[in-house]
Amino acid sequence: MELDHTDRSILDLLIQDGRMSYTDIGKELGLSRVAVRSRVNQLIADGVIEKFSCIVNSEKVGKNVSAFFEVDCEPANLVEVAESLVNNPVVASCYQMTGPSTLHMHVLVKDFAQLESFINEELYGLKGITRVESHILLRRFKSRSGLKL
């Protein structure tokens, strides 16, 4: 789908502030509130905007350990393993990747004891996993949600 300049401008503003009102977007772009609402609704209908969400600082809500995992699976078990992982509340994201690792996963937990429990009791117990490698986040330099247009 090809987006025009106005749609891209609306998206840029919503990426910066998903709570920005249609009136404020209209003022910024020289459009009426109704025109902005119509364009946003069309972007939603076309699947360009998947959802509006709230970004929570994980440390402020007690999720102090952030770990990234590379998980190799038997091909026959890939979907079953992925579905099990994405339904676990500590899994923040999970992706099928190219390269030597089958799944790339981000986990947020309160402490190292919870991380150890997740690895030993939940991850290692899944059928079809052949290798697990973990990386603990020390410091975040950049984190961006939303696509930069």
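Computation of the quantities below employed the complete heavy-atom set of this structure, encompassing side-chain atoms and omitting hydrogens, waters and symmetry-equivalent molecules.
- When Leu85, Val79, Leu78 are each tested for a side-chain contact (heavy atoms from CB on, under 4.5 Å) with Val81, only one passes: Leu85.
- Once rounded to the nearest 0.5 Å, the distance linking CD1 of Ile10 with OG1 of Thr6 reads 6.5 Å.
- By the 4.5 Å heavy-atom criterion applied to side chains, Ile136 and Leu115 are counted as neighbours.
- Of all heavy-atom pairs spanning Ala35 and Leu31, the tightest one is CB-CB, 4.4 Å.
- Each of Leu123, Val132, Val86 was evaluated against Met105; a single residue qualifies, Leu123, per the side-chain contact (heavy atoms from CB on, under 4.5 Å) test.
- Atoms CG and CZ, on Asn64 and Phe112 in that order, are 9.5 Å from each other to the nearest 0.5 Å.
- Asn77 and Gly128 get closest at one heavy-atom pair: OD1-CA, 3.5 Å.
- There is no path of hydrophobic side-chain contacts, each under 4.5 Å, that joins Val71 to Tyr95.
- The hydrophobic cluster containing Val36 does not contain Val34, counting ILVMFWY residues as joined when their side-chain heavy atoms lie under 4.5 angstrom apart, directly or transitively.
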*Walk me through it: do Leu11 and Leu3 pass the test side-chain contact (heavy atoms from CB on, under 4.5 Å)?*
CA-CA 10 Å; Leu11 289 170; Leu3 300 176; 3.6 Å; yes

*Take Glu70 and His135 through the side-chain contact (heavy atoms from CB on, under 4.5 Å) test and state the conclusion after the steps.*
CA-CA 9 Å; Glu70 295 176 20; His135 307 274; 3.8 Å; yes

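- Listed by chain and residue number, Lys63, Leu108 satisfy the side chain to side chain contact (heavy atoms under 4.5 Å, CB included) test with Ser58 (two or more places apart in sequence, or in another chain).
- Between the Ser9 side chain and the His5 main chain, a donor and an acceptor come within less than 3.5 Å of each other.
- The aromatic rings of Phe118 and Phe69 sit perpendicular, their planes meeting at an angle over 60°, well past the 30° parallel limit.
- Note on Ile129 and Met97: separate hydrophobic clusters, where clusters join Ile, Leu, Val, Met, Phe, Trp and Tyr whose side-chain heavy atoms are under 4.5 Å apart, directly or indirectly.
- Under the 4.5 Å side-chain heavy-atom criterion for grouping Ile, Leu, Val, Met, Phe, Trp and Tyr, Val107 is not connected to Phe68 through any hydrophobic cluster.
- The structure places CZ of Arg140 at 7.0 Å from CD of Glu59, a figure rounded to the nearest 0.5 Å.
- For the atom pair CZ (Arg39) and CG (Asp4), the distance works out to 4.5 Å, reported to the nearest 0.5 Å.
- Under a 3.5 Å cut-off, the side chain of Asn88 and the backbone N or O of Val90 do form a donor-acceptor pair.
- Here SG of Cys54 is found 8.5 Å from CZ of Arg19. Values are rounded to the nearest 0.5 Å.
- For the pair His106 and Ser66, the tightest heavy-atom approach, listed with the atom from each and the gap, is NE2-OG, 2.6 Å.
- Cluster annotation: Leu43 is connected to Phe52 through the hydrophobic network of ILVMFWY side chains, with a link wherever side-chain heavy atoms come within less than 4.5 Å.
- Heavy-atom minimum distance, Met20 versus Leu13: SD-CB, 3.8 Å.
- The structure places CG of Asp7 at 10.0 Å from CD of Glu2, a figure rounded to the nearest 0.5 Å.
- For Asp72, the salt bridge (Lys or Arg N to Asp or Glu O under 4.0 Å) partners two or more places apart in sequence, or in a different chain, are Arg131.
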_Working for side-chain contact (heavy atoms from CB on, under 4.5 Å), residues Val40 and Leu14_ = CA-CA 10 Å; Val40 169; Leu14 288 173; 4.1 Å; yes

